[in-house]
Protein chains: 2
Amino acid sequence: MATLAQHQHSPDDTIHGHGLRMTGQRRAVYDVLMGERNHPTAVEVFTKVRGQVPNISLATVYNCLETLTDCGLVKIVTHERGPSRYCPNLEEHAHFFCDSCGEVSDLPLRARKRPQDVWEVPENITISHHQVAFRGECPKCAKKKNLKSEARNLKSK
Amino acid sequence: MATLAQHQHSPDDTIHGHGLRMTGQRRAVYDVLMGERNHPTAVEVFTKVRGQVPNISLATVYNCLETLTDCGLVKIVTHERGPSRYCPNLEEHAHFFCDSCGEVSDLPLRARKRPQDVWEVPENITISHHQVAFRGECPKCAKKKNLKSEARNLKSK
DNA sequence: CACCTTATCAAGAACAATTCCTATTTAAGT
DNA sequence: ACTTAAATAGGAATTGTTCTTGATAAGGTG
């Protein structure tokens, strides 16, 4: 239901469809997420949103993020013990977390593939969601490290 | 390296290989994990372990779990905002979390399959780990629900 | 428009899971 | 036995998040 809504309606309509109001705070939080596509944490959203709504509280940001996820407008992304992050990309995708710089990026699902193709899911189990996280090193960080080790090699000569 | 170790050595040797000692506390924690294959939380391990080592502290259990994971003897499993769980199954596998009863079970990787087959991972990214979680309803809970709705149907006749 | 009802919000307290700190105990290596 | 480093118990501290409360605002109704 919510998934359909996003293709057809504005976020306002989606929220109204859930019997809720699109308040200034909710809009500001949503707009920050749509602007920042780097999976910000609640606190990061909070500081950004303060630019628009100067005296919004952190609790309200959490509330807004919760209602937005409940309405299906954003997805919540968790990783190990770190703080939750929020993501307005509603297409099916996995996440990649760079261990050195901490950046998070989206990895799209390949066409006509399903996670069940890779893991043995007993068929009497009903899957409603899946969350897939990869960890490793992003190209930027790999490059940095290479430069460093080159420098070391030059020095040791 | 740690992965190899588990096939060749006892946990003691693996720990020694990391320059650490196999203490009573560590062994007790490890034994609980090997016994309880249902992905216990730190607190659950703590209460079980107290049977063997009556005055072990929760902090020590956390420490032991950390060293065991560092040595590659157990894996840490996180799910949404819930507490971390620990798993001595070192084979590659995903996890299934039942939304109704909370049970966690292992889903093995299919032979000759890799997660990269399903998600588009740019090749200049190096993957070191992945964590895959499915959510849904386990067969037991599905059966229970069916019985309930049958009962309802009978009543309404 | 006045009134009622409910949703929403800010602020701070409370909470759960985990980590940190410190003094004490234990074990290994001389 | 002596020295040194590792490991532990216990409690305090931290982090991220949720809960509570009273105030505010916004729709809907007569």
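Predicted model only: the values in this text are computed from it and were never measured. In the text below, chain A, chain B and the rest are named by the order of the sequence lines, each starting its count at 1.
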4.5 Å side-chain heavy-atom contact, A/V77 and A/F97: yes

Does the side chain of B/C101 come within less than 4.5 Å of B/C138's, by heavy atoms? yes

What does nucleotides 12-22 of chain D look like as a protein-contact string, B for base, S for sugar-phosphate only, - for none, at under 4.0 angstrom between heavy atoms? ----SBBB---

If I take atom CE in residue A/M22 and atom C1' in nucleotide C/dT8, what distance separates them, rounded to the nearest angstrom? 14 Å

At 4.0 Å (heavy atoms only), tell me whether B/T60 reaches a base, stays on the sugar-phosphate, or touches nothing. base

Has B/T23 got a side-chain N or O lying under 4.0 Å from the OP1 or OP2 atom of D/dT8? yes

Has B/E80 got more than 12 heavy atoms of other residues, nucleotides or ligands less than 6.0 Å from its CD? yes

Which of these nucleotides, D/dA7, C/dC9, D/dA9, is closest to any side-chain atom of B/S57? D/dA9

Sidechain-backbone polar pair: A/Q25 side chain, A/V61 backbone, donor-acceptor under 3.5 Å: no

For B/H79 and C/dA17, what is the distance between atoms NE2 and P respectively, to the nearest whole Å? 14 Å

Between B/D106 and B/H39, does any side-chain donor sit less than 3.5 Å from a side-chain acceptor? yes

Measure CG/A/N55 against C1'/C/dG12 and give the value in whole Å, please. 15 Å

Note, B/P122 side chain near A/L107 side chain (heavy atom, < 4.5 Å): yes

C/dT8 C1' sits how many Å from A/H18 NE2, rounded? 18 Å

For each nucleotide in nucleotides 25-30 of chain C, reading 5' to 3', give B when a protein heavy atom comes within less than 4.0 Å of its base, S when such contact involves only the sugar-phosphate, and - otherwise. --S---

Just by modelled atom types, is the A/E91 backbone N or O under 3.5 Å from a matching donor or acceptor in the A/H93 side chain? yes

CD1 of A/I15 versus C1' of C/dA7: gap in Å, rounded? 13 Å

I'd like to check the side chain to side chain contact (heavy atoms under 4.5 Å, CB included) partners of A/P40; sequence neighbours left out, ordered by chain and number. A/L33, A/E36, A/E44, A/V45

Using whole Å, what does the distance between atom P of nucleotide D/dT8 and atom CZ of B/R50 come to? 14 Å

Measure across B/F96 and A/T126 and return the closest heavy-atom pair with its distance rounded to 0.1 Å. CE1-O, 4.1 Å

Once you round it to whole Å, what is the distance between C1' of D/dA7 and CZ of B/R26? 6 Å

Length of the line joining B/Q25:CD and D/dT8:P, which is rounded to integer Å: 4 Å

